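Everything quoted here is computed from the prediction, not taken from an experiment.
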Amino acid sequence: MAPSQQPDVIVVGAGLAGLVATYELTRAGRRVLVLDQENRNNLGGQAFWSLGGLFFVDSPEQRRLGVHDSFELAWQDWQGSAGFDRDDEDHWARQWARAYVEFAATEKRQYLHDLGLRVTPLVGWAERGGATADGHGNSVPRFHLTWGTGPEVVRVFLEPVLAAERRGLVEFAFRHRVDELIVEDEAVVGVRGGVLEPTELERGRPSSRNTVGEFEFRAPAVIVGSGGIGHDHDLIRANWPTARLGPCPRTMISGVPAHVDGRMLAISESAGGRIVNRDRMWHYTEGINNWDPIWPDHAIRIIPGPSSLWFDAHGKRLPAPCFPGFDTNATMKAILDTGHDYSWFVLTQSIIEKEFALSGSEQNPDITGKDKKLTLRSRLAKGAPGPVEAFKRHGADFVVADTLRELVDGMNEIARGPRLDHDDLERQIVARDREVANKYGKDAQLMAVANARRSLGDRLGRVAAPHRILDPAHGPLIAVRLNILTRKTLGGLQTDLNSQVIRSDGSPFPGLYAAGEVAGFGGGGVHGYNALEGTFLGGCIFSGRAAGRALARTPR
């Protein structure tokens, strides 16, 4: 296809960042051409599959739960987590980080509320971090769950964009894969690429890459919003930070669809854009194989409460702060330093019922469907939510048994490495169980559980009452083999605060902008080395908004 009129801006990628930028541009009356290599069914990209977590600071939901938060505390946490230590590569990332935390503490919630987005009343405490006030982690609960999960985050921007399409301000070119940015007089003036054969495949399904034509489109500016490298395991391996995270895992499972291929990073770099912080990435240690997959190697992340006991492949309990939900990268290194790429949760039925949540909009049909009755029935009834119970019954990574010996036998059947020793595992669990008899003790994980239960949101919804793991009254026993799940690219195209791409000489690249994961969610790496969670969708929104508003201010 050719656009009916020359667009003011070309947006590459119809994910959340691209939709937000398009929304802002159309508010200013600008004409936008949106290209995507997938079909219309995939509008919203990876954000559609997300849990919809959003990072707010000092929100009404926090205040109602007695959580005392502030910009100063959140900025302290962000800096301690990011660990910015590269003067050049982190130059813009630092500025983006402060601007984003200010956004999260001021207008972000109202901006989304005005678009119709609502959040649930309980605030989650994700990525609780290590052991120092100024180190990594959230000091307080900040994870706000969207009522409607990822599809709702997409909807509030997609609906006005589709309305703009009906008015003639937006045109979509689906199945258009960009292969080149057109650069003339040192400015980006358009894109070239191949037209992929049509498909009616459902959202998320891997599609053909056979080309049936070519295209060239021109515009005064191009915004790249094409996502990261999460499904390209070869690219992940090529950039894996072995010294920091341990040996690259041999087995990885994919938490993002196949179209998250990172192609536009190399294409933008070839045109003259600067990529920074390639070695910073965010993958999860709690990945489980999906028993009902949508895309190849489709994996789900367990979002755990703090009570499950975490053992490495040898059956040794992981040290502090490697507790469920505390420090993703420290736990990654502890696991991979064993020479194996998997680990184990050992827990009880009481823990799984209270503490297991699954990432993904499709794994939370009650909240995704905004069904209040189903949500109350699912979350408050005895037993784990239906999707969790389905994984427990059908998942290849789950073992369920009445006795520890039977559990260990089942774990050894699915282990990819050393055989676990029943007596050694029992010794460690019994030692931990003895600590439960008192309100105090020296087990750091039990102290962390007690601290978590001081949070009303956690006590009501996410943290089981402490009990002995080997108490039959809380059984059966459950073990989960945890795999490395690929997810987010934390580095990317370096951008200034207008989302304009920076060239290798440090100057802005005329005509080229980038937003979302391809830009490290802003500045080429707004998160630094660690993420505080609830910040990925927000980074797409904030950087897409910056790009759209900057170009909306630019004279035609």
Practice problem: Indicate the atoms forming the closest heavy-atom contact of Arg487 with Trp282, along with that distance. | Solution: CB-O, 3.5 Å

Quiz item: Roughly how far, to the nearest 0.5 Å, is the CH2 atom of Trp344 from the CD1 atom of Ile335?
Solution: 12.5 Å

Quiz prompt | Aromatic contact, Phe345 with Trp310 (centres under 6.0 Å) | solution = yes

Quiz item: So with a 6.0 Å cut-off around CD of Glu202, is the heavy-atom count from everything else above 12?
Solution: no

Quiz item: Do any N or O atoms from the side chain of Ser359 and from the backbone of Ile300 form a donor-acceptor pair under 3.5 angstrom?
Solution: no

Practice problem: Kindly compute the distance separating CG (Leu493) from OG (Ser226), expressed to the nearest 0.5 Å. | Solution: 8.0 Å

Practice problem: Hey, could you give me the SG/CD1 distance between Cys248 and Ile236, rounded to the nearest 0.5 Å? | Solution: 8.0 Å

Quiz item: Without hydrogens or angle criteria, can the side chains of Asp397 and Asn483 be said to hold a donor-acceptor pair below 3.5 Å?
Solution: yes

Quiz item: Hey, is Arg278 close enough to Glu269 for a salt bridge, meaning N to O under 4.0 Å?
Solution: yes

Practice problem: Could you please spell out the steps behind the salt bridge (Lys or Arg N to Asp or Glu O under 4.0 Å) verdict for Arg545 and Glu107? | Solution: CA-CA 13 Å; Arg545 178 178 182 259; Glu107 58 184 310; 2.8 Å; yes

Practice problem: Assert yes or no for the condition that the ring centre distance of Trp96 to Phe521 is strictly below 6.0 Å. | Solution: no

Quiz item: Any salt bridge between Asp232 and Arg263, counting N to O under 4.0 Å?
Solution: no

Practice problem: Can you see which heavy atom on Ser50 is nearest to which on Thr149, and at what distance? | Solution: O-CB, 3.9 Å

Quiz prompt | Pairwise side-chain contact, Gln37 with His176, heavy-atom cut-off 4.5 Å (strictly under) | solution = no

Practice problem: Fit a plane to each ring of Tyr342 and His340, take the angle between them on a 0 to 90° scale, and name the class: parallel (under 30°), tilted (30 to 60°) or perpendicular (over 60°). | Solution: perpendicular

Quiz item: Would Tyr529 and Asp85 count as a side chain to side chain contact (heavy atoms under 4.5 Å, CB included) if you check the C-alpha gap in whole Å, the side-chain angles of each, and the deciding distance to 0.1 Å?
Solution: CA-CA 10 Å; Tyr529 290 102; Asp85 59 1; 2.9 Å; yes

Quiz item: Which heavy atom of Leu19 sits nearest a heavy atom of Val161, and at what distance?
Solution: O-CG2, 3.6 Å

Quiz item: Would you call Glu286 and Arg481 a salt bridge, using N to O less than 4.0 angstrom?
Solution: no

Practice problem: Before giving the answer on salt bridge (Lys or Arg N to Asp or Glu O under 4.0 Å), spell out for Arg209 and Glu38 the whole-Å C-alpha distance, their side-chain angles and the decisive distance to 0.1 Å. | Solution: CA-CA 10 Å; Arg209 290 295 177 261; Glu38 300 303 320; 2.6 Å; yes

Practice problem: Kindly indicate whether the side chain of Glu127, heavy atoms from C-beta on, has any atom under 4.5 Å from the side chain of Asp77. | Solution: no

Quiz item: What's the shortest heavy-atom distance between Pro141 and Gln62, and which atoms?
Solution: O-NE2, 2.8 Å

Quiz item: Between Phe356 and Val480, is any pair of side-chain heavy atoms under 4.5 Å apart?
Solution: yes

Exercise. Can you run down the ring-ring contact (aromatic ring centres under 6.0 Å, His included) pairs that involve residues 238-262, sequence neighbours left out, and say none if there aren't any?
Key: Trp240-His283

Quiz item: Any side-chain heavy atom of Pro306 sitting closer than 4.5 Å to one from Phe323?
Solution: no

Practice problem: Identify the heavy atoms of Ile294 and Gly204 that sit nearest to each other, and give their distance. | Solution: CG2-C, 4.1 Å

Practice problem: Kindly determine whether Leu145 and Ile367 satisfy side chain to side chain contact (heavy atoms under 4.5 Å, CB included), including the steps that lead there. | Solution: CA-CA 9 Å; Leu145 180 59; Ile367 299 174; 3.6 Å; yes

Practice problem: Indicate whether any N or O donor in one side chain lies under 3.5 Å from an N or O acceptor in the other, for His233 and Ser254. | Solution: yes

Self-check item: Exam field: side chain Arg301 to backbone Gly255, donor-acceptor pair closer than 3.5 Å
Solution: no

Quiz item: Counting distance only, does the side-chain N/O of Asn329 pair as donor-acceptor with the main-chain N or O of Leu245 below 3.5 Å?
Solution: no

Practice problem: Please check if the side chain of Ser361 supplies one atom and the backbone of Phe48 the other of a donor-acceptor pair under 3.5 Å. | Solution: yes

Quiz item: Between Glu517 and Lys488, is any pair of side-chain heavy atoms under 4.5 Å apart?
Solution: yes

Quiz prompt | Candidate pair Leu73 and Arg142, rule side chain to side chain contact (heavy atoms under 4.5 Å, CB included), full reasoning | solution = CA-CA 11 Å; Leu73 182 60; Arg142 295 191 178 106; 3.6 Å; yes

Quiz item: In terms of the angle between their ring planes, are His298 and Trp49 parallel, tilted or perpendicular, with boundaries placed at 30° and 60°?
Solution: perpendicular

Quiz item: Does Glu152 reach the side chain of Arg118, with side-chain heavy atoms less than 4.5 Å apart?
Solution: no

Quiz item: Do Ser308 and Glu355 have side-chain N/O donor and acceptor atoms under 3.5 Å apart?
Solution: no

Quiz item: Distance from Glu533 atom CD to Leu54 atom CG, nearest 0.5 Å?
Solution: 12.0 Å

Quiz item: Roughly how far apart are Arg250 CZ and Ile484 CD1, rounded to 0.5 Å?
Solution: 11.5 Å

Quiz item: Can you list the steps and then say if Leu318 with Thr331 is a side chain to side chain contact (heavy atoms under 4.5 Å, CB included)?
Solution: CA-CA 8 Å; Leu318 296 182; Thr331 306; 3.9 Å; yes

Practice problem: Find out whether Ile10 and Ile223 are in side-chain contact, i.e. whether some heavy atom of one side chain is under 4.5 Å from a heavy atom of the other. | Solution: no

Quiz prompt | Pairing of Asp261 and Arg177 as salt bridge, 4.0 angstrom limit | solution = no

Quiz item: Between Leu43 and Ala14, which heavy-atom pair has the shortest distance, and what is it?
Solution: CD2-CB, 3.6 Å

Self-check item: Side-chain donor-acceptor contact under 3.5 Å, Ser455 with Arg462
Solution: no

Practice problem: Just do the ring-ring contact (aromatic ring centres under 6.0 Å, His included) check on Trp78 and Phe55 with the steps written out, would you? | Solution: CA-CA 11 Å; Trp78 195 287; Phe55 177 94; 5.7 Å; yes

Exercise. Taking Asp496 for its side chain and Asn498 for its backbone only, find out whether a donor-acceptor pair lies under 3.5 Å.
Key: yes

Quiz item: Are any non-hydrogen side-chain atoms of Arg280 and Arg86 less than 4.5 angstrom apart?
Solution: yes

